[in-house]
Amino acid sequence: MSILVTGGTGYIGSHTVVELLKKNEEVIILDNLCNSSKDVLDRIEKITNKKCKFYEADIRDEKELEKIFSKNKIDSVIHFAGLKGVGESVEIPLEYYDNNVYGTVKLLEVMKKHGCKKIVFSSSATVYGDPGTHKYVEEMGRGKASSPYGATKAIIEEMLENLYVADNEWTISILRYFNPIGAHESGLIGENPNGIPNNLMPYIQKVAVGELKELSVFGDDYDTKDGTGVRDYIHVVDLAEGHVKALEKLTSPGVYIYNLGTGSGYSVLDIVRTFEKVNNVKINYKIAPRRPGDLAMYYADPSKAKKELGWEAKRGIEEMCRDSWNFIKNL
Ligand code: NAD
Ligand code: UFG
């Protein structure tokens with residue numbers, strides 16, 4: 001039996017594929033390569049000494065999905081495929097609904113048709129909206145989405161819950177990620193977005209290699225320890241391990257929602273200083289105005305995942321910063 005990983009050549013998907021292959025799982029990757037490239041497959045093979053089947057396909061292409069499910073015995077799906085730019089989603093909302101929501105509908109339809117009713121879905125801490133507290137607990141439920149991207153995640157979560165009510169044979173894991181950074185220790189896979197990055201670590205990486213002049217720190221007047229924004233950064237390999245645990249542990253039907261974070265918050269300047277210290281490089285930065293839509297501070301309560309999945313993040317920010325640099329400097 002195989003595990004289909006949609007978006008498996010992407011940042012989080014590729015690290016998850018490595019962890020699955022390490023457990024001797026049979027993996028099939030589906031990706032349309034709109035935000036990743038095929039050479040990731042060779043890199044995965046270099047790390048694991050194992051191959052996986054790859055389909056260059058779009059989750060919205062029902063015919064392709066049909067073909068993949070007919071040709072293979074697929075037991076479960078880990079669904080990463082989607083667009084993820086918060087700012088971009090404000091510019092082109094319809095593409096976000098089409099890709100993320102419509103794409104997921106098509107995927108679920110074909111899964112159902114083939115009797116494959118186990119899915120792990122990539123959600124995000126953004127679904128909490130702005131709950132007025134810093135520590136996010138699963139029971140708090142969903143808040144008002146602050147972007148079309150966030151809305152697509154909230155809608156898909158709701159759709160998955162509706163699906164279970166209609167057919168309680170489904171086993172559905174919804175994993176709400178906090179801020180994934182870092183890279184595989186081999187330096188072979190990691191995050192390297194095209195163009196000017198929106199997220200903190202990819203931006204720091206480009207400043208470190210000299211591709212960009214300086215980091216803009218968005219706001220130093222928040223009510224946080226040093227005035228800069230605080231987030232729960234999680235090493236991408238810890239996150240990947242969380243998916244493996246979810247597949248292993250969640251064997252009876254239901255809808256299961258977990259935060260995947262470390263439980264600790266770090267400021268923008270904590271990350272800049274740690275990156276400088278562990279890698280012995282200088283990160284030039286300037287203080288810039290707050291970025292619209294940003295919250296001052298939030299982090300996960302990860303205790304539910306620890307209790308029910310036996311999972312907890314093991315890697316700290318020093319390792320995250322070291323691995324991020326190790327990946328980018330070897331590109
Ligand atoms: P990524 O862009 O690196 O990976 C997504 C992959 O999906 C890419 O390889 C892309 O080519 C593929 N893809 C996109 N649309 C597709 C489609 N219609 N059909 C087939 N393939 C398609 O992003 P990532 O950081 O690895 O994120 C993976 C998932 O996790 C996404 O759903 C994202 O929204 C979610 N997530 C990411 C973060 C984060 O900070 N990275 C935080 C929370 C949630
Ligand atoms: N930041 C800067 N300068 C930059 C980029 C970011 O100061 O150039 C700051 C932000 O203001 C924030 C922190 O760094 O305080 C983290 O920002 P990111 O853009 O890296 O991440 P976000 O917390 O804004 O959002 C990320 C993902 C979303 C996801 C969310 C879930 O981009 O997809 O985490 O928590 F929804």
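In listed order, ligands and their atoms are each counted from 1. In what follows, every heavy atom counts, from backbone to side chain, and hydrogens, waters and symmetry copies are set aside.
- Looking only at heavy atoms of the protein, atom 26 (O) of ligand 1 is closest to I12 N, 2.8 Å.
- Of all protein heavy atoms, the one closest to atom 19 (N) of ligand 1 is I59 N, 3.0 Å.
- Of the candidates E95, K84, R176, it is K84 that places a heavy atom closest to atom 41 (N) of ligand 1.
- Taking any N or O of G7, backbone or side chain, none lies under 3.5 Å from an N or O belonging to ligand 1.
- Salt-bridge formation is detected for the pair E318/K277: a Lys NZ or Arg NE/NH1/NH2 atom is positioned less than 4.0 Å from an Asp or Glu carboxylate oxygen.
- Scanning all protein heavy atoms for the shortest distance to atom 33 (C) of ligand 1 gives Y149 OH, 3.7 Å.
- Comparing T16, D31, D61 against atom 10 (C) of ligand 1, the shortest heavy-atom distance belongs to D31.
- Nearest-residue assignment for atom 34 (O) of ligand 2 (options T224, I181, N179; heavy-atom criterion): N179.
- When only interatomic distances are considered, the shortest N/O to N/O separation between R231 and ligand 2 falls below 3.5 Å.
- Under a 4.0 angstrom heavy-atom cut-off, Y128 registers as lying outside contact with ligand 2.
- Any N or O atom pair closer than 3.5 Å counts here, and L200 shares at least one such pair with ligand 2.
- The shortest N or O to N or O distance between F218 and ligand 2 is under 3.5 Å.
- Between S36 and ligand 1, at least one N/O pair is under 3.5 Å apart.
- Considering every non-hydrogen atom in both S186 and N326, the closest pair reads C-ND2, 4.2 Å.
- Contact between A125 and ligand 1 is absent, with no heavy atom of the residue lying under 4.0 Å from the ligand.
- The shortest N/O to N/O separation between S216 and ligand 2 falls below 3.5 Å.
- Taking a 4.0 Å cut-off on heavy atoms, N99 registers as neighbouring ligand 1.
- Salt bridge absent: D167 and K112 never bring a charged side-chain N and a carboxylate O closer than 4.0 Å.
- Under the 3.5 Å distance criterion, the side-chain polar atoms of S89 are matched with a main-chain donor or acceptor of V86.
- Atom 40 (O) of ligand 1 has as its closest protein heavy atom P180 CD, 3.4 Å.
- For the pair R231 and F178, the minimum side-chain heavy-atom distance is 4.5 Å or more.
- Of the heavy atoms in N199, both backbone and side-chain atoms come closer than 4.0 Å to ligand 2.
- Backbone and side-chain nitrogen or oxygen atoms of Y203 are examined, and none is located within less than 3.5 angstrom of a nitrogen or oxygen of ligand 2.
- The shortest contact between atom 28 (C) of ligand 1 and any protein heavy atom is with F80 O, 3.6 Å.
- Distance from atom 2 (O) of ligand 1 to its nearest protein heavy atom, with residue and atom name: N35 ND2, 2.7 Å.
- Using a 4.5 Å heavy-atom cutoff, the side chains of H134 and L295 are not in contact.
- Nearest-residue assignment for atom 36 (N) of ligand 1 (options Y55, F178, Y177; heavy-atom criterion): Y177.
- Among G10, G85, C34, the residue whose heavy atom lies nearest to atom 4 (O) of ligand 1 is G10.
- Contact annotation: for L215 versus ligand 2, heavy atoms closer than 4.0 Å belong to the side chain alone.
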